[in-house]
Amino acid sequence: MSGFRNNRLGVAIGVLALVGIGVGAGVFLGRQGDQAGVAAPNAGERRVLYYYDPMYPDRKFDKPGQSPFMNMALVAKYADDGGPAEAAAAGVRIDPALTQNLGLRIAVARMGTLGGDLAATAVVDFNQRDVALVQARADGFVQRVYNRAPGDVIAAGAPLADLLIPSWGGAQGEYLAVRRTGETSLIRAARQRLVLLGMSDALITSVEQSGRPRTVITLTSPIGGAIRTLSVRSGMTVAQGMTLAEVSGLSTVWLNAAIPETLAGQVRTGQGVEVTLSAFPSERFAGRLTALLPEVSGDSRTLTGRVEMPNRGGRLRPGMYGQIVFGGGGAPALLVPSEAVIRTGTRNLVMLALAEGRYQPAQVRVGREAGGQTEILAGLAVGERIIASGQFLIDSEASLSGVEARPIDGAATPQAQATPMEADQ
């Protein structure tokens, strides 16, 4: 009886053992099947790594849906889009449908001349080289003024004031006495003394002809122009060397042009310019750049270019506003749209449009800029296709994918490029 019980117990234990083995095997196979399903999805299916908003590519989501930022559908990032190594070698790939939605425009690097010459704002100023100072050559008194005021435009030789100079009377009397002696050497010495006292040749000649001393002289303007300062009043006392008036000539004027510091290397002394003034919008004035001042304005970061121009009829008045266009054209250069250049502050990039919907940043060295075009000095070749708009989004995606920018010395030669496509497709 006990033997029979032992046999039944053994059979039960064996059955339980087989059941346990089967359950364990099922669990193990089930787990293996789950893992195999993640690693190797069904044929024709692409494994999704995550979802993201193209406007915020650094934010990742586990499930599809609407973006919480831009209210647009999230885009899937697939495992077969290529890892960092592949991306670094061939650029980042963007779904063509997505690029169409972003409105990307493609441009082609081409040879050309910058459209439009350098222009700068300008203000008319007095010619500071054409200035005359009227000073008192001896102590005296103002007997008469001629109703002048600062700002008046006068002709050369116009009277400004009459001065009484008592000290000149005695010297002139002695000179007349010496002249009556007939001694040539003494006469010459006495005349030289009058010159050293500050008398002009015209005044001495007048004394010789009249035979009488002249102690009242008339101060006149040596040049024609505008009175800048006038410091004489009737009855005032003046001292020797005192400046009584300052006159600026108007036969020529200066135009001071504010040239941006970044464009200062494009202009040179002697370069021809064309001037347009707000006061005469239908006229064009020709001039020449005579000087580039050595100091840059700290506030506006501009360099002052000086243009000297004739002022026929006195039409050009200091303070008038205008624009100067520097001519001279430039040599042919490799050009791209200015909006295609990404300026980071430490380097300049353009986004290359490669084959099969791939894109890669390329580092470039830029030069002049005018008319919406930027000169590329290095880093790009003729015929290479670049993104002209929307490149910042592609650049963000390339950074997240580990794509390195092509160095400046890594640009292809022009012969290696395909036939250039039309710019701004």
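Heavy-atom basis, side chains included; hydrogens, waters and symmetry copies ignored. Only a predicted model underlies this, so the values are computations on that prediction, with no experimental measurement involved.
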Worksheet item: Taking NZ, NE, NH1 and NH2 as the nitrogens, is one of them in Arg406 or Glu384 under 4.0 Å from a carboxylate oxygen of the other?
Response: yes
Fill in: From Leu74 atom CG to Tyr50 atom OH, the distance as rounded to the nearest 0.5 Å
12.0 Å
Worksheet item: Val216 versus Leu163: any side-chain heavy-atom pair under 4.5 Å?
Response: no
Fill in: Side-chain touch Tyr51/Asp62, heavy atoms, less than 4.5 angstrom
no
Worksheet item: Any donor and acceptor pair, going by atom type alone, linking the side chain of Gln209 with main-chain N or O of Ser206 inside 3.5 Å?
Response: no
Item to complete: Any chance you could measure Ser248, atom OG, to Ile227, atom CD1, to the nearest 0.5 Å?
Response: 10.5 Å
Discussion item. For Arg288, give me all partners under side-chain contact (heavy atoms from CB on, under 4.5 Å), at least two apart in sequence or on another chain.
Written reply: none
Worksheet, complete the sentence: Hits for salt bridge (Lys or Arg N to Asp or Glu O under 4.0 Å) against Arg214, two or more places apart or cross-chain, chain-then-number order -> none
Response to the item:
Residues at least two apart in sequence or cross-chain that pass side-chain contact (heavy atoms from CB on, under 4.5 Å) with Ile204, listed by chain then number, are Tyr175, Arg191, Leu194, Val195, Met199, Glu208
Item to complete: Taking salt bridge (Lys or Arg N to Asp or Glu O under 4.0 Å) as the test, write out the residues that go with Arg347, two or more places apart.
Response: none
Worksheet item: Under 4.5 Å between any side-chain heavy atoms of Arg385 and Leu352, yes or no?
Response: no
Worksheet item: Can you check whether Asp162 reaches Ile217 side chain to side chain, under 4.5 Å on heavy atoms?
Response: no
Worksheet entry | Partner residues of Thr346 under the side-chain hydrogen bond (donor to acceptor under 3.5 Å, both in side chains) criterion, sequence neighbours left out | Thr344
Item to complete: May I ask you to say whether Arg105 pairs ionically with Glu339, meaning some side-chain N is under 4.0 Å from a carboxylate O?
Response: yes
Worksheet, complete the sentence: In this structure, OG1 of Thr215 is separated from CD of Gln143 (nearest 0.5 Å) by 7.5 Å
Discussion item. I need the Thr252 OG1 to Arg312 CZ distance, nearest 0.5 Å.
Written reply: 11.5 Å
Item to complete: Report yes if some heavy atom in the side chain of Phe285 is under 4.5 Å from a heavy atom in the side chain of Leu316; otherwise report no.
Response: yes
Discussion item. Could you work out, with salt bridge (Lys or Arg N to Asp or Glu O under 4.0 Å) as the rule, every residue matching Arg315, not counting sequence neighbours?
Written reply: Glu283
Practice prompt. Look up atom CG in Asn127 and atom CG in Leu255, then write down how far apart they are to the nearest 0.5 Å.
Written response: 11.0 Å
Worksheet item: Would Thr290 and Arg306 count as having a side-chain donor-acceptor pair, cut-off 3.5 Å?
Response: no
Practice prompt. Would you confirm whether Arg193, through its side chain, and Arg188, through its main-chain N or O, come within 3.5 Å as a donor-acceptor pair?
Written response: no
